[in-house]
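Notes follow once the structure below has been shown.
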Amino acid sequence: MPVEQTLSIIKPDGVQKNLIGEIYDRFEKAGLEVVAARMMQLTKEQAEGFYAVHKERPFFNDLVSYMTSGPVMVQALAGDDAIAVYRKIMGATNPAEADTGTIRADFAESIEENIVHGSDAAETAANEIAYFFTDEGVCPRTR
Ligand code: ATP
Ligand code: MG
């Protein structure tokens, strides 16, 4: 399995519910290593840029309002098959369809307010990590 990096965001509802530690625990129990982290209050421009792929979707303006409604916790995660491993522990976009025991099944309120973001492929992961972190801001383990 390839060692990969993926970009994770604990969205404003996850931070509001005080779930940062709980969600980090799930990363670590799944074998994912936090290799970069920062808390941010996204600007409208940052949220629009991050979700630019969705700009023609009917939910885009609501999504930008949601993502700017409070601070987010942004992190890069590393590990074997990290992109798929992380998407598996997140669960489906719609929490009603998410597998039991996933982050979204356990904590999300709706298809929009769904607690976490995770990259969906290697190329998007690289672009999304670079959106928030410089090369020096990512610190893979040395021991
Ligand atoms: P993310 O990209 O945040 O990890 P995802 O890849 O599971 O989630 P996408 O299809 O990329 O889902 O949608 C991005 C985000 O837009 C979703 O996480 C959710 O917050 C919001 N969203 C997606 N579909 C809808 C919808 N039908 N109605 C409202 N919001 C939606
Ligand atoms: Mg997505």
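Counting begins at 1 with the first residue of the sequence. Ligands are counted one by one from 1 in listed order, and the atoms in each one are counted from 1 as well.
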Only counting residues at least two apart or in another chain, list the ones meeting ring pair (Phe, Tyr, Trp, His ring centres under 6.0 Å) with F59.
H54
Hydrophobic cluster of V53, others only, ordered by chain and residue number, side-chain cut-off 4.5 Å:
none
Could you pull out every donor-acceptor pair under 3.5 Å between side chains of residues 7-18 and any protein atom, sequence neighbours left out?
residue: S8; atom: OG; partner: Q75; partner atom: NE2; Å: 2.9
residue: S8; atom: OG; partner: Y86; partner atom: OH; Å: 2.9
residue: K11; atom: NZ; partner: Y51; partner atom: OH; Å: 3.4
residue: K11; atom: NZ; partner: N114; partner atom: OD1; Å: 2.7
residue: D13; atom: OD1; partner: Y66; partner atom: OH; Å: 2.6
residue: D13; atom: OD2; partner: Y66; partner atom: OH; Å: 3.4
residue: D13; atom: OD2; partner: I115; partner atom: N; Å: 3.1
residue: K17; atom: NZ; partner: F107; partner atom: O; Å: 2.9
residue: K17; atom: NZ; partner: E109; partner atom: OE2; Å: 2.7

As an exercise, state the distance from CG of L63 to CD of E48, rounded to the nearest 0.5 Å.
10.5 Å
In Å and rounded to the nearest 0.5 Å, what is the CD to CD1 distance from E97 to I111?
7.0 Å
Under 3.5 Å, side chain of E4 to main-chain N/O of A82, donor-acceptor pair present?
yes
Within the heavy-atom cut-off of under 4.0 Å, ligand 1 is lined by K11, Y51, H54, F59, L63, R87, T93, R104, I111, E112, N114, H117, G118
